[in-house]
Amino acid sequence: MTEQKPDEYYIPRVMIDKSHQSKGYGRKLMELLIDEIKAQNPKAIHIVYCDRNNVARSLYKTLGFIEYGKNDGGDTLAKIVL
């Protein structure tokens, strides 16, 4: 786990039930969440996701997240720097 900073936001995991995937809910959730977090004027927004989840990787990349490493469990760490 990375050292958390008070002026940065951390999203530990986003999960959409399998029966509701591929309907745009994850994208809409993330867009709303990012807008809400940006209103707080953070320096960065961090997220973690399973390294094998290429759908999540693609979504977060299109939203502006840049991968920067792995956590102790091997999951991918990504962030948006504001």
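On a predicted model such as this, the values are computed, not experimentally measured, just so you know. These values consider heavy atoms only, across backbone and side chains, with no hydrogens, waters or symmetry-generated copies. The first residue in the sequence is number 1, and the count goes up from there.
- Two residues are said to be in side-chain contact when any heavy atoms from C-beta on lie closer than 4.5 Å; Leu63 and Glu31 meet this criterion.
- In this structure, the separation between CZ on Arg52 and OG1 on Thr76 is 10.0 Å, given to the nearest 0.5 Å.
- Remark: the backbone N or O of Lys79 is not paired with any side-chain donor or acceptor of Tyr60 at under 3.5 angstrom.
- Follow the hydrophobic side-chain contacts under 4.5 Å out from Val48 and you never reach Ile11; the two are in separate clusters.
- Summarising the geometry of Lys5 relative to Tyr10, their closest heavy-atom pair is N-OH, 3.1 Å, with the distance given to 0.1 Å.
- Under a hydrophobic clustering in which Ile, Leu, Val, Met, Phe, Trp and Tyr are joined whenever their side-chain heavy atoms come within less than 4.5 Å, directly or via other members, Phe65 and Leu82 fall into the same cluster.
- Both Ile37 and Leu29 belong to a common hydrophobic cluster when Ile, Leu, Val, Met, Phe, Trp and Tyr are linked at side-chain heavy-atom distances under 4.5 angstrom.
- Separation of atoms OG (Ser58) and CZ (Arg27) is listed at 7.5 Å; rounding is to 0.5 Å.
- Looking at Lys38 and Tyr9, their side chains never come closer than 4.5 Å, going by heavy atoms from C-beta outward.
- Residue Leu77 holds its CG atom at 5.0 Å from CG of Asn71, rounded to the nearest 0.5 Å.
- Heavy-atom neighbours of Lys23 NZ from other residues, nucleotides or ligands within 6.0 Å: above the threshold of 12.
- Every pair passing side-chain hydrogen bond (donor to acceptor under 3.5 Å, both in side chains) that includes a residue from residues 12-22 is listed here, sequence neighbours excluded: Arg13-Asp75, Asp17-Ser19.
- Under the 3.5 Å distance criterion, the side-chain polar atoms of Thr62 are matched with a main-chain donor or acceptor of Leu59.
- Summarising the local packing, CD of Glu36 is surrounded by 12 or fewer heavy atoms from other residues, nucleotides or ligands at distances under 6.0 Å.
- The minimum heavy-atom distance between Tyr49 and Glu67, with the atom names listed, is OH-OE2, 2.7 Å.
- The closest side-chain heavy-atom distance from Ile47 to Met30 is below 4.5 Å.
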